[in-house]
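Reviewing the structure listed below.
Chain letters run A, B, ... following the sequence lines, proteins first, then strands; residues in each count from 1.
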Amino acid sequence: MANIDESFRKSDRVLKRGIFLSAHQSRHVRRSRHFVVVELKERAGERKLGITASRRVGNAVQRNRVKRLIREFFRRNKSKIKNDAYFIVIAKKNSHALTYDEVFNELSRSMFKK
RNA sequence: UGAGCGAACCAGGUGAUCGCUGCUCGCUUUAUUGCGAGGGGAGGAAAGUCCGAACUCCACAGGGCAGAGCGCCGGGUAACACCCGGUGGGGGCGACCCCAAGGAAAGUGCCGCAGAAAAUAUACCGCCUUCGUUUCGUCUUUUGGCGGGGCUGAAGGUAAGGGUGAAAAGGUGAGGUAAGAGCUCACCAGUAGUCCGGGUAACCGGGUUAGCUUGGUAAACCCCGCUUGGAGCAAGACCAAAUAGGGAAGCGCUAAAGGACUGCCCGUCCGAAGCUUUCGGGUAGGUCGCUAAAGGCUGCGGGAGACCGCUGACGUAGAUGAAUGAUCACCGCCUGAUAACCGGUAACGUUUAUCAGGAACAGAAUUCGGCUUACGGGGCGCUCAGACG
RNA sequence: GGCGGUGUAGCUCAGAUGGUUAGAGCAUACGGCUCAUAUCCGUAGUGCCCGGGGUUCAAUUCCCUGCACCGCCA
């Protein structure tokens, strides 16, 4: 267990606005009950996470909580997630009351390796 | 027990595992690259952005007008529209709370409908007088006299009474009159002037004089007094790919257009072409600004208080697709139910245990001082009502 | 983060600059025209003027405060 990398640095994050905007054109979209997961496969060999939580999700506290839960899921399950794409996770407006277990169940279906 | 008022306070805790982000130290790397250790890491409102400042740039922030803001008095403060104390007014049985609270006799405007009339008062009904006309009664031989009534009648006097309205030009009583009226008088209310006393002042108390009385609205224009240049950390400074060819400085010329300084005027500055010198300017991106602060706390002193002075130790988040977290365990808190002990006739209360549920509002973005709004909790002091003793 | 603006009929907008009366177009319903539909003509309905408080006799309008939406600034 000690060797598994569960860190989450800036190199694991999507930092540029242009990449977020390019997600609108992507074809690799998976929709679930509370999230939309977009895969950007052009950047093979890198695995990064970007999160979008607009004001429709809730106030700042609720948006921060949703983003932290998604980040936590990504961090703890990096070894199981496909490592050849950028993932943009968009939170829907009904996602503000989720727990970590619910986030895990939902996102593991969309993002884990087959 | 119930209802309520006030001023403060807290904003779950501990541990384990896995993370995020600054700082310090050590090692390391081309490179704050990577590793390790230590230590720090959201709020009372961080919110709304409603005021006030610090700070930065615009010219060193200029003159006048306009505009904007404020508006009882005194004090506090860096400043304020904030705070404290008081005055006046209003609300509440009360504890206590609320008030944009200068001027309406400087001027202008507005006051729908209703009503006679809505601000120089007026005169619809009514009341009264005179005249005209008509009719009845009565006296007289008659002309006519006296008395009463009427008129879509005329002229005049009134404002007591009437209804309307948010508001009707002081109120009550007496005198007075043809009828009436502050027309006169007494008392009361109110206004203005003046005098005395108290208070730093707002203002309060009392006397006296006047006219007998001058509606509301300034969160309508306005007048008076005070304050006020504009933008805002996405301010601003620096480094600097790609792309495009220009940018900067000086000379020159100062007329105009234009631009900057504030909306306007004044004033000031820049400003065409040309020549010379020079290589920078700048988007993406990055660095600085960036956290030590009109700081809170302890003690002493001053003050009625806001607050001030001295003293001591403390050193308190700095992210930038944006950190400050996730999971688990235990403890603590609140609510409800059940049970037990104790107190009590009882309602019920304290404590303990078990079960179930809950834990609000909300996330720094340059930084402070306020205001406003959202919201969980327990204790303290006080008021009113009821019950029991 | 900062700055600015807008909320009026089902929809798009007027409105009064200065308080007392809420309007237009489209849409809807009904009637007429037509064999029928559309067009056209006529008639009608409709508003807590974004919420709360204040000033005023009276507020959609003036003032304060909250909510929602929109735009601009590197």
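One interatomic measurement links the two molecules: NZ of A:K67 to C1' of B:A322, which rounds to 7 Å at whole-angstrom precision. One atom, CD1 of A:I51, and another, P of B:U320, lie 15 Å apart when rounded to the nearest Å. Here B:G325 presents its C1' atom at 17 Å from CZ of A:R63, a figure rounded to the nearest Å. Taking atom CD1 of A:I70 as the reference point, atom P of B:C20 lies 18 Å away to the nearest angstrom. The separation between A:F104 atom CZ and B:A326 atom C1' is 14 Å, rounded to whole Å. In this structure, the CZ atom of A:R65 is 14 Å from the P atom of B:C361, given to the nearest Å. Between the OH atom of A:Y100 and the P atom of B:G19 there is a distance of 13 Å, given to the nearest Å. Between the CG atom of A:N77 and the P atom of B:G19 there is a distance of 13 Å, given to the nearest Å.
Using atom P as the reference point in both B:U49 and C:A68, the two lie 10 Å apart (nearest Å).
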Using a cutoff of under 3.5 Å, can you pull out all pairs of nitrogen or oxygen atoms linking the protein to nucleotides 69-74 of chain C, with atom names and distances?
none

Show each protein N/O and nucleotides 42-48 of chain B N/O combination with a separation under 3.5 Å, one pair to a line.
none

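You'll find that the side chain of A:T52 is closest to B:G321, out of B:G321, B:A326, B:A362. Candidate nucleotides B:A322, B:A362, B:G325 were compared by shortest atom distance to the side chain of A:R71, and B:A322 ranks first. Candidate nucleotides B:G363, B:G325, B:A322 were compared by shortest atom distance to the side chain of A:E72, and B:G325 ranks first. Checking B:G363, B:C18, B:G19 against every side-chain atom of A:R76, the shortest atom distance belongs to B:C18.
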Go through it in stages, so that I can follow the logic: the residues are A:K78 and A:D12, the test is salt bridge (Lys or Arg N to Asp or Glu O under 4.0 Å), and I'd like the CA-CA distance, side-chain angles, deciding distance and then a yes or no.
CA-CA 10 Å; A:K78 277 161 85 176; A:D12 296 319; 3.4 Å; yes

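Ring-plane geometry between A:F73 and A:F112 is classed as parallel, the angle between the planes falling under 30 degrees on a 0 to 90 degree scale with a further cut at 60.
In this structure, B:A317 forms no base pair with any nucleotide, since neither Watson-Crick nor G-U wobble geometry is met with both distances under 3.5 Å.
Applying the side-chain contact (heavy atoms from CB on, under 4.5 Å) rule to A:S32 yields the partners A:F35, A:E106; only residues at least two apart in sequence or on another chain are considered.
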